[in-house]
Amino acid sequence: MPKSRIRKKDDYTPPPTRQPQSIRLTNRSWVAPVMLAFFLIGLAWIVVFYVTETQLPIEALGNWNIVVGFGFIAAGFGVSTQWK
């Protein structure tokens with residue numbers, strides 16, 4: 001049986017090194033104040049609702065005032081996802 005040819009392998013050459021790319025962070029200085037504002041507004045809304053015995057902030061909403069307060073807090077968490 002004839003002997004098969006042996007392929008000549010090229011010498012190993014490492015891949016070219018890449019220059020590290022700088023991470024470009026956009027200026028998001030507005031995120032922290034807006035996030036804290038939403039947190040504090042939501043907390044204040046709930047505290048005022050309980051302290052005034054359901055008379056404030058909006059009496060017509062009744063117990064839905066708690067949902068509004070937690071909505072502000074949830075919005076604060078939503079804004080916090082933009083923080084880098």
Side-chain angles (χ1 to χ4, degrees):
M1 173 159 228
K3 190 173 183 182
S4 64
R5 288 192 217 164
I6 299 174
R7 284 190 254 167
K8 184 178 179 186
K9 293 183 180 179
D10 294 334
D11 292 337
Y12 174 74
T13 56
T17 58
R18 288 190 247 169
Q19 297 296 328
Q21 297 176 354
S22 63
I23 298 173
R24 184 173 174 244
L25 297 176
T26 58
N27 186 8
R28 298 199 179 190
S29 59
W30 59 271
V31 173
V34 171
M35 175 185 66
L36 291 175
F38 276 134
F39 286 155
L40 293 175
I41 290 170
L43 179 64
W45 193 286
I46 294 171
V47 168
V48 167
F49 175 71
Y50 278 116
V51 168
T52 62
E53 297 177 350
T54 72
Q55 299 300 312
L56 290 175
I58 301 175
E59 187 176 4
L61 288 179
N63 287 334
W64 284 97
N65 279 303
I66 298 171
V67 175
V68 172
F70 278 113
F72 277 112
I73 294 171
F77 281 114
V79 170
S80 72
T81 62
Q82 300 298 314
W83 196 2
K84 290 186 179 185

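Tracing side-chain contacts under 4.5 Å through hydrophobic residues (I, L, V, M, F, W, Y), one reaches Ile41 starting from Leu61; they form part of the same cluster. Cluster annotation: Phe38 and Ile58 are assigned to the same hydrophobic cluster (Ile/Leu/Val/Met/Phe/Trp/Tyr, side-chain heavy-atom contacts under 4.5 Å, transitive). Linking Ile, Leu, Val, Met, Phe, Trp and Tyr whenever their side-chain heavy atoms come within less than 4.5 Å puts Trp30 and Phe72 in one cluster. One hydrophobic cluster, built from ILVMFWY side chains closer than 4.5 Å, cannot hold both Val48 and Val68; they sit in different ones.
Heavy atoms of other residues, nucleotides or ligands lying less than 6.0 angstrom from CD of Gln55 number more than 12.
Nearest heavy-atom pair, Met35 versus Gly76, reported as atom, atom and distance to 0.1 Å: CG-O, 3.4 Å. Between Pro33 and Ser29, the shortest heavy-atom contact is CD-O, 3.2 Å.
Using a 4.5 Å heavy-atom threshold, the side chains of Trp45 and Phe70 count as separate. Contact of the Trp83 side chain with the Val34 side chain is not registered, since no non-hydrogen atoms from C-beta on lie closer than 4.5 Å. Side-chain contact between Tyr50 and Asn65 is absent, with no heavy atoms from C-beta onward closer than 4.5 Å.
Thr54 OG1 to Ile66 CD1: the interatomic distance, rounded to the nearest 0.5 Å, is 9.5 Å. In this structure, the separation between OG on Ser80 and CZ on Phe39 is 5.5 Å, given to the nearest 0.5 Å.
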Quiz prompt | Ile46 vs Ile73, side-chain contact (heavy atoms from CB on, under 4.5 Å): CA-CA, chis, key distance, verdict | solution = CA-CA 10 Å; Ile46 294 171; Ile73 294 171; 4.3 Å; yes
